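Because the structure is predicted, anything quoted here is derived from the model rather than measured. Computed over heavy atoms, backbone and side chain alike; hydrogens, waters and symmetry mates excluded.
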Amino acid sequence: MPSYNRQFDLSINDVNLIDAALRARGRELSGMRLALKDDNPAHLESIRVVEQDQRQNEELLGRLHDQKIFYRPIKAVYVGG
């Protein structure tokens, strides 16, 4: 059975592009969800699928965010804002 590649060679621009694409997909899913009415029984399954896709999209964005290393000055005192 083949194994998965655990090493990825992505540039900062590649990661930014993936991040932007995930955010655009999130906006698209949000618009789809707003178009569906909660009180219409025919839309209930579609709503469930859209909300599941939204959840997966947000979880992936969160995992991507958690892997970023943000700049902090080494010698100076860090003041967050």
Side-chain angles (χ1 to χ4, degrees):
M1 179 172 193
S3 62
Y4 293 103
N5 179 10
R6 301 259 182 221
Q7 298 286 19
F8 294 94
D9 191 20
L10 298 174
S11 70
I12 297 298
N13 289 333
D14 295 338
V15 174
N16 284 336
L17 181 62
I18 293 167
D19 190 77
L22 287 170
R23 292 186 189 284
R25 176 68 177 150
R27 287 189 299 273
E28 179 184 323
L29 288 169
S30 181
M32 290 169 61
R33 174 59 182 93
L34 288 173
L36 298 171
K37 303 293 182 201
D38 288 334
D39 57 354
N40 187 343
H43 290 171
L44 293 179
E45 181 62 23
S46 297
I47 289 171
R48 188 187 65 75
V49 170
V50 168
E51 288 177 346
Q52 181 180 8
D53 287 349
Q54 285 177 308
R55 196 171 306 110
Q56 289 175 344
N57 195 62
E58 289 299 317
E59 288 172 359
L60 180 54
L61 271 170
R63 288 193 307 270
L64 185 63
H65 175 80
D66 290 343
Q67 293 183 30
K68 292 179 181 178
I69 299 173
F70 295 93
Y71 169 77
R72 288 184 181 248
I74 295 172
K75 296 185 180 186
V77 175
Y78 176 72
V79 179

Would you say Asn16's side chain and Asn13's backbone share a donor-acceptor pair under 3.5 angstrom?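 Checked: no pair found.
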Donor-acceptor contact below 3.5 Å, side chain His43 vs main chain Lys37: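 Between the backbone of Lys37 and the side chain of His43 there is a qualifying donor-acceptor contact (under 3.5 Å).
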Euclidean distance, Ser30 OG relative to Glu51 CD, rounded to 0.5 Å: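 Interatomic distance, Glu51 CD to Ser30 OG, rounded to 0.5 Å: 10.5 Å.
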Under the 4.5 Å side-chain heavy-atom rule for ILVMFWY, direct or indirect, which residues accompany Leu61?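 Same cluster as Leu61: Phe8, Leu10, Val15, Ile18, Leu22, Leu60, Leu64.
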May I have the step-by-step check of salt bridge (Lys or Arg N to Asp or Glu O under 4.0 Å) for Glu58 and Arg55, ending in yes or no? CA-CA 5 Å; Glu58 289 299 317; Arg55 196 171 306 110; over 6 Å; no
Identify, with sequence neighbours excluded, every residue that meets salt bridge (charged side-chain N to carboxylate O under 4.0 Å, His left out) alongside [X].
X	result
Glu59	none
Glu28	Arg25
Asp38	Arg33
Arg6	none

Between Gln54 and Val50, is there a side-chain heavy-atom distance shorter than 4.5 Å?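 A side-chain contact exists here, since the closest heavy-atom pair is under 4.5 Å.
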So do Ser46 and Val49 actually touch side chain to side chain, heavy atoms under 4.5 Å?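 No, side chains not in contact.
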Leu34, CG atom: more than 12 neighbouring heavy atoms under 6.0 Å: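 More than 12 heavy atoms, drawn from other residues, nucleotides or ligands, come within 6.0 Å of this atom.
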Shortest non-hydrogen separation from Asp39 to Pro41 and the atoms involved: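 That closest heavy-atom pairing would be O-CD, 3.3 Å.
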Partners of Asp53 by side chain to side chain donor-acceptor pair (under 3.5 Å), sequence neighbours excluded?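 Applying side chain to side chain donor-acceptor pair (under 3.5 Å) to Asp53 gives none.
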